[in-house]
Each structure stands twice: as C-alpha cells, then as structure tokens.
Amino acid sequence: QVQLVESGGGLVQTGGSLRLSCVASGRTFSNYAMGWLRQTPGKEREFVASINWSGTSTDYADSVKGRFTIDRNNAVSTVSLQMNSLKPEDTALYFCAAPRTTYMTTNPNDYIYWGQGTQVTVSS
C-alpha cells in the first residue's frame with residue numbers, strides 16, 4: 001500500500017505563488033512516475049502535471065504550462081509542485097497521486113494511489 005501526504009495549500013491572491021509538497025511511503029518511490037491532479041466541486045479530477053521516475057521528463061496540462069513546475073527528490077520520497085502566476089481558475093483541491101505503472105500518464109484513471117488533497121484558493 002502507498003501512502004501520500006500533501007502539504008502547502010492555502011489562500012493566495014491572483015498572481016501569487018504556492019509550493020505544494022507530497023511525501024510518499026509504502027513502495028520504492030524512485031521506481032515510479034508521480035503526478036498532481038486537481039478537482040473542483042461538481043467536476044471530475046483533472047490532470048495537472050506528471051514527472052517520470054528520475055525527474056528528467058515532465059508533462060503539464062496546457063492550462064498550467066509555463067506557470068507550474070513539478071519536481072521530485074527521490075532521496076526523501078518527495079514530489080513538489082511550484083505554482084506561480086496563480087489565477088482564480090486554479091482554485092481547486094490538489095491531489096498528489098501515483099499511477100499503477102512506472103510510466104508517466106495524463107489519464108486520471110491510471111492513478112490508483114491518492115493523497116487526501118490540499119486546498120488551493122486564489123482570490124481575485
């Protein structure tokens with residue numbers, strides 16, 4: 001079983017920044033890709049960013065490209081999401097997630113382990 005614990009959410013003004021972090025345990029962290037996804041009330045979870053096992057490859061949703069950066073530190077089993085130039089439409093519950101397999105994926109259905117989520121609210 002994999003445990004994921006997020007931190008770093010909060011309230012920020014438009015144009016501000018936040019850094020989310022996620023600590024993983026329960027399987028060999030460095031063997032697997034990781035991802036961040038988000039959800040707003042009444043909507044399905046949507047892909048935000050993913051990173052491969054070594055941190056050398058990343059993928060982003062078009063809506064966050066150029067503003068968000070995902071990175072990981074395998075030595076401490078942590079994946080982070082640096083969010084800059086935040087917009088009100090970024091307001092959501094953000095989840096750290098791990099897929100079933102080792103490769104990156106943008107499909108929310110491929111993620112089988114989820115954290116509890118951390119709320120990000122961007123005020124206009």
Counting distance only, does the side-chain N/O of [X] pair as donor-acceptor with the main-chain N or O of [Y] below 3.5 Å?
X: Arg45; Y: Phe95; result: no
X: Tyr111; Y: Thr105; result: yes
X: Thr28; Y: Ser30; result: no
X: Ser50; Y: Gly35; result: no
X: Thr78; Y: Val76; result: yes
X: Asn73; Y: Val79; result: no
X: Ser77; Y: Val23; result: no
X: Tyr103; Y: Trp53; result: no

Minimum heavy-atom separation for [X] to [Y], with atom names?
X: Asp71; Y: Ile51; value: CA-CD1, 3.6 Å
X: Val5; Y: Gln116; value: CA-OE1, 3.8 Å
X: Val48; Y: Val64; value: O-CG2, 3.6 Å
X: Phe29; Y: Ala24; value: CD1-CB, 3.5 Å
X: Met104; Y: Asn52; value: SD-N, 3.4 Å
X: Cys96; Y: Met34; value: SG-CE, 3.6 Å

Decide, yes or no, whether a salt bridge links Lys65 with Asp62 under the criterion of side-chain N to carboxylate O below 4.0 Å.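 Salt bridge flag = yes for Asp62 with Lys65.
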
Could you check whether any side-chain heavy atom of Trp36 comes within less than 4.5 Å of a side-chain heavy atom of Glu6, counting everything from C-beta outward?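 The answer is yes; the side chains approach within 4.5 Å.
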
Side-chain contact, heavy-atom cut-off 4.5 Å: Leu18 with Val120?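 Yes, at least one pair of side-chain atoms sits under 4.5 Å.
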
Would you say the side-chain atoms of [X] and [Y] include a donor-acceptor pair closer than 3.5 Å?
X: Thr56; Y: Ser54; value: yes
X: Asn84; Y: Ser17; value: yes
X: Gln3; Y: Ser25; value: yes

Steps toward side-chain contact (heavy atoms from CB on, under 4.5 Å) verdict (Leu93, Thr118): CA-CA 6 Å; Leu93 187 62; Thr118 185; 5.5 Å; no

Parallel, tilted or perpendicular: which fits the ring planes of Phe68 and Tyr94, with parallel below 30° and perpendicular above 60°?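 Plane angle between 30° and 60°, so tilted.
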
Gap between atom OG1 of Thr40 and atom CG of Asp90 - 0.5 Å precision: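 If we round to the nearest 0.5 Å, Asp90:CG and Thr40:OG1 are 11.0 Å apart.
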
For the CZ atom of Arg38 and the CE atom of Met83, what is their distance to the nearest 0.5 Å?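 It is 9.0 Å, given to the nearest 0.5 Å.
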
